[in-house]
Number of protein chains: 2
Amino acid sequence: MKTKTTECAENFIHEDKVRRSEKHLIDGLNATKLARTFQALADPTRVRIISALLKTELCVCDIAALLGVTQSAISHQLRQMRDLRLVRSRKEGRIVYYALDDEHISDLFRRGVEHLEHG
Amino acid sequence: MKTKTTECAENFIHEDKVRRSEKHLIDGLNATKLARTFQALADPTRVRIISALLKTELCVCDIAALLGVTQSAISHQLRQMRDLRLVRSRKEGRIVYYALDDEHISDLFRRGVEHLEHG
DNA sequence: TGAATATATGAGCAGTTATTCATATATTAT
DNA sequence: ATAATATATGAATAACTGCTCATATATTCA
């Protein structure tokens with residue numbers, strides 16, 4: 001036969017290690033969910049929005065000005081974040097206030113910051 | 001003048017809230033760093049690789065077989081993860097073993113899993 | 001009513017990313 | 001030396017993402 005092998009062996013090379021690993025292995029669906037969770041925090045603008053909302057609600061306008069980002073960009077991100085249940089909104093006249101809506105995420109966020117600080 | 005205003009006011013709308021928010025605001029550079037940290041966990045394949053390595057080291061071949069992903073795909077991801085210092089590698093003959101190299105990240109990972117479980 | 005303001009949104013674009021495919025390198029076995 | 005095996009990697013591609021630009025909607029104000 002030709003020299004044709006990019007694939008690994010048919011059986012595991014280290015059965016023992018694989019068995020040990022299998023127990024904690026995450027399945028595809030949960031991996032996707034988990035990845036999506038982290039994805040929510042995987043953008044600088046979203047990270048800054050979250051940091052801005054840590055202690056108080058803010059209107060779109062002020063978030064945009066505070067971060068030095070376009071109103072449109074912020075609005076798009078906020079919509080995404082609302083779909084992900086990261087933030088909730090409250091309308092008062094023509095002003096819309098956004099606030100954090102998920103302590104899980106803000107908890108993860110805080111952990112991330114800790115690692116940044118003494119990592 | 002024409003009707004031309006997509007921009008918000010020149011001054012903040014809610015000085016008080018903005019002042020409160022400013023104190024905790026993350027700057028662009030740190031936001032980028034933080035986002036990159038979470039980015040590392042923002043992909044299903046990487047998440048599964050991490051879960052596979054939680055309790056033991058594994059060779060590339062076994063990781064690929066265990067996850068049902070191409071050797072090449074795994075190898076590419078591992079390279080990226082090594083550049084990010086998420087994993088380290090050790091070579092023995094023609095076999096390369098990978099293991100987790102960053103408890104910070106695996107800590108974040110575990111937190112994420114917790115949230116999945118009772119979230 | 002009409003102008004101004006705050007926010008939302010669709011389309012398009014540019015940059016990024018995960019995977020595949022082909023192939024290279026390194027090590028072991030025959 | 002030759003074949004087989006384990007891993008790495010470059011190029012190409014397809015999908016995704018974040019932003020901009022133009023514009024729509026909603027509300028307030030004069």
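In what follows, every heavy atom counts, from backbone to side chain, and hydrogens, waters and symmetry copies are set aside.
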Within the pair [X] and [N], is there a side-chain N or O less than 4.0 Å away from OP1 or OP2?
{"X": "A:Gln80", "N": "D:dG18", "value": "yes"}
{"X": "A:Thr45", "N": "D:dG18", "value": "no"}
{"X": "A:Tyr98", "N": "C:dA6", "value": "no"}
{"X": "B:Gln71", "N": "D:dT5", "value": "no"}
{"X": "B:Thr70", "N": "C:dT20", "value": "yes"}

Pair A:Arg19 + A:Glu15: basic N to acidic O under 4.0 Å: yes
Residues A:Arg90, A:Glu92: salt bridge by 4.0 Å N-O rule: yes
Categorize [X] for me: base, sugar-phosphate, or nothing, with a 4.0 angstrom heavy-atom threshold over every strand shown.
{"X": "B:Arg46", "value": "sugar-phosphate"}
{"X": "B:Tyr97", "value": "nothing"}
{"X": "A:Ile13", "value": "sugar-phosphate"}

Nucleotide nearest B:Ile95 when distance is taken to its side chain, options D:dT20, D:dA6, D:dA8: D:dA6
Nearest-nucleotide comparison on DNA chain D, the residue closer to the 5′ end among A:Ser72 and B:Leu78: B:Leu78
Nearest-nucleotide comparison on DNA chain D, the residue closer to the 5′ end among A:Asp43 and A:Arg94: A:Asp43
Polar side-chain contact A:His76-D:dT20 base: donor and acceptor under 3.5 Å: yes
